[in-house]
There are 2 protein chains.
Amino acid sequence: MAQSDTVDRILDAAEELFADRGFSETSLRMITSKAKVNLAAVNYHFGSKNALIQSVFARFLTPFSQTLESAFDDLEARCGDTPPTLEQTLWALTESAVRMPQRNEKGISIFMRLLGLAYTQSQGHLRKFLEAEYSQPFGRFMTLLKNATPQLTAVERYWRIQFMLGATAFTMSSSDALRDILQNKLGVETTVQEIAGHLVPFLAAGMQAGGSTPSAITKPSVA
Amino acid sequence: MAQSDTVDRILDAAEELFADRGFSETSLRMITSKAKVNLAAVNYHFGSKNALIQSVFARFLTPFSQTLESAFDDLEARCGDTPPTLEQTLWALTESAVRMPQRNEKGISIFMRLLGLAYTQSQGHLRKFLEAEYSQPFGRFMTLLKNATPQLTAVERYWRIQFMLGATAFTMSSSDALRDILQNKLGVETTVQEIAGHLVPFLAAGMQAGGSTPSAITKPSVA
DNA sequence: TCAGGTCTCAAACGTATGTTTCAAACAGAT
DNA sequence: ATCTGTTTGAAACATACGTTTGAGACCTGA
């Protein structure tokens with residue numbers, strides 16, 4: 001073999017196992033046996049398990065962030081002086097995710113699930129790595145959101161962005177299971193694209209919700 | 001001591017460590033040393049680590065589900081024949097969570113974080129346990145949601161409920177960190193109650209969002 | 001052909017985990 | 001006070017983990 005494909009085999013196996021089971025619950029031995037590769041190859045090629053985790057993210061996040069940047073470029077060019085709307089911004093993000101070239105039919109699900117895991121299982125090292133490598137498109141997305149919702153106070157916008165991230169990360173991270181449930185309960189087949197089609201209007205409506213707290217919440221009674 | 005408090009000490013320590021670090025990342029030795037209890041006590045009192053995890057959930061979920069049931073009873077009594085509105089239903093849930101008697105000032109955060117972990121880290125055994133033990137209040141909540149949003153199709157409602165769960169679980173599971181960030185960035189102090197005050201209108205608006213997909217999403221170009 | 005670097009392999013290392021063991025300490029009832 | 005079942009204690013168990021080792025295979029360029 002001209003150049004070893006061991007690296008890619010390890011990345012493929014790790015990506016799928018991580019997405020299925022999480023990071024701590026996936027051992028190097030599971031990965032190497034699925035990849036049909038020697039155990040030592042991981043530490044030889046990547047140095048450590050943590051570095052492997054970061055490499056798995058880098059492999060799809062780097063092209064994705066480039067796709068995203070150019071989608072934002074297009075959007076801003078199309079809008080001229082007026083800032084893009086909230087829906088436009090959300091759709092730019094969504095389409096960038098969906099359009100990513102996939103290695104296989106499960107690609108987009110794995111992609112989403114890994115993103116969700118990155119948020120919820122963040123191992124410290126992963127969070128630092130992602131912040132260091134991909135803070136720019138993230139910050140740009142935040143700026144677009146800010147300009148698309150000038151009516152919100154900073155505090156309100158902050159929380160609503162967290163809610164959006166939560167709804168997205170959570171749903172996508174278990175999109176496979178949720179799709180199966182829907183298939184069994186209502187007999188409906190669903191694509192990731194269709195999930196996004198439901199999600200974006202939900203997020204946009206929540207983000208632009210009117211006046212807050214219709215009934216003031218009562219303080220908890222101190223026992 | 002009349003009856004050993006070892007069990008409670010273990011539960012307290014486990015609850016806090018699980019909330020901080022997740023399940024797989026928390027060892028029995030961490031728990032027993034934090035609880036100042038012998039290692040073997042866990043297996044003696046609970047049988048296994050998995051059973052301990054379930055006990056941690058049972059300790060706060062059982063009283064919570066009772067509180068929730070009576071909150072739903074009150075709500076339905078107050079509404080008479082007309083079904084409760086979406087906001088009313090969401091507030092009933094939120095207030096039940098906030099009103100739960102807390103063991104300490106971090107109680108509500110830990111409560112929320114554990115719920116989030118239950119969803120994202122679900123170990124199989126935990127999911128089965130929760131479904132077996134607490135399906136009734138959950139199903140009742142779903143019915144209330146259904147009656148409060150008759151305009152939605154079943155599929156649309158299904159996805160929007162997932163989005164609500166995601167936004168809630170995710171936000172609450174990292175509410176401590178998010179509150180710290182807000183404190184540092186904007187100098188704003190926040191209580192969990194206030195987070196709920198932001199969250200409920202967001203959820204209600206998203207749930208009742210109007211017509212879907214303002215711009216049809218394009219199919220991914222097959223490379 | 002051969003030397004040198006790249007890569008693979010089986011095996012072992014040290015550490016950490018969940019669990020078990022069994023003797024000692026304890027409690028409450030007789 | 002003594003017995004009995006319950007709870008604790010220190011230690012060990014078996015297993016799994018991430019990582020390291022050193023010898024061998026392989027390819028490449030001279």
Side-chain angles (χ1 to χ4, degrees), chain A residues 1-59 117-118 121-129, chain B residues 1-59 117-118 121-129:
Chain A
M1 52 197 84
Q3 177 149 344
S4 159
D5 64 342
T6 302
V7 168
D8 289 313
R9 301 245 300 283
I10 292 174
L11 284 174
D12 287 340
E15 182 178 83
E16 200 165 333
L17 285 170
F18 286 154
D20 276 355
R21 322 172 31 93
F23 304 116
S24 303
E25 294 80 2
T26 301
S27 71
L28 292 184
R29 283 167 176 83
M30 291 179 200
I31 295 170
T32 54
S33 81
K34 182 184 178 81
K36 293 188 174 52
V37 149
N38 188 270
L39 171 61
V42 171
N43 284 279
Y44 175 78
H45 286 289
F46 297 94
S48 69
K49 183 181 180 181
N50 280 354
L52 169 62
I53 294 175
Q54 294 174 11
S55 297
V56 167
F57 276 84
R59 184 169 65 152
L117 287 180
Q121 292 212 352
S122 205
Q123 317 259 120
H125 74 95
L126 222 196
R127 180 156 303 201
K128 279 176 198 157
F129 170 76
Chain B
M1 50 196 83
Q3 176 149 344
S4 159
D5 63 342
T6 301
V7 168
D8 289 312
R9 300 247 299 284
I10 292 174
L11 285 173
D12 288 339
E15 181 178 84
E16 200 165 333
L17 285 169
F18 285 154
D20 276 356
R21 320 170 33 92
F23 304 116
S24 303
E25 295 80 2
T26 301
S27 71
L28 293 184
R29 284 167 176 82
M30 292 178 199
I31 295 170
T32 54
S33 79
K34 182 184 178 81
K36 293 189 174 55
V37 149
N38 188 271
L39 171 62
V42 170
N43 283 280
Y44 175 77
H45 286 288
F46 297 93
S48 69
K49 184 183 179 181
N50 280 354
L52 169 62
I53 294 175
Q54 293 174 11
S55 297
V56 166
F57 275 85
R59 183 168 66 150
L117 287 181
Q121 293 212 347
S122 207
Q123 317 260 120
H125 74 95
L126 223 195
R127 180 157 301 201
K128 280 176 198 156
F129 170 77

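Computation of the quantities below employed the complete heavy-atom set of this structure, encompassing side-chain atoms and omitting hydrogens, waters and symmetry-equivalent molecules. Letters go in sequence order (proteins before strands), and every chain restarts at 1.
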Any side-chain N or O of A/Ser27 less than 4.0 Å from the OP1 or OP2 oxygen of D/dA16?
-> no

To the nearest angstrom, how far is B/Leu52 atom CG from C/dT19 atom C1'?
-> 14 Å

Whole-Å distance separating the CD atom of B/Glu25 from the P atom of D/dA16 | 19 Å

OP1, OP2 of D/dT6 versus side-chain N and O of B/His45: anything below 4.0 Å?
-> no

Please work out which of the three classes, parallel, tilted or perpendicular, describes the rings of A/Phe18 and A/Phe23, given edges at 30° and 60°.
-> perpendicular

Which atom names give the shortest non-hydrogen contact between A/Ile31 and A/Ile10, and what distance separates them?
-> CG2-O, 3.9 Å

Taking the side chain of B/Leu28 as its heavy atoms from C-beta onward, which of C/dT19, D/dT7, C/dT8 lies nearest to it?
-> C/dT19

Ignoring hydrogens and geometry, is there a side-chain-to-backbone donor-acceptor pair from B/Lys36 to B/Arg9 under 3.5 Å?
-> no

Separation of D/dA16 P from B/Arg29 CZ (nearest whole Å) | 16 Å

Measure from the side chain of B/Tyr44, starting at C-beta and using heavy atoms only, and say which of D/dC17, D/dT8, C/dT6 lies closest.
-> D/dT8

Over all atoms of both residues, closest heavy-atom pair of A/Ala41 and A/Thr6 | CB-CG2, 4.0 Å

Work out which heavy atom in A/Ala13 is nearest to a heavy atom in A/Lys34; give both atom names and the distance.
-> CB-CD, 3.8 Å

Heavy-atom contacts under 4.0 Å between residues 30-42 of chain A and DNA chain D, which residues?
-> A/Leu39, A/Ala40

Whole Å only: how far is the CG atom of A/Asn43 from the P atom of D/dG18?
-> 9 Å

For the pair made of CD1 in A/Ile10 and C1' in D/dG18, what is the distance, rounded to whole Å?
-> 14 Å

Compare side-chain N and O positions of B/Thr6 against OP1 and OP2 of D/dT8 and report whether any pair is under 4.0 Å apart.
-> yes

Between A/Thr26 and A/Gly22, which heavy-atom pair has the shortest distance, and what is it?
-> OG1-O, 2.7 Å

Report which part of the nucleic acid A/Ser24 touches: base, sugar-phosphate, or nothing (heavy-atom distance under 4.0 Å, all strands).
-> nothing

Can you name the nearest heavy-atom pair linking B/Ala19 to B/Leu117, along with the distance?
-> CA-CD1, 4.2 Å

How close or far is atom P of C/dA27 from atom CG of B/Asp5, stated in whole angstroms?
-> 13 Å

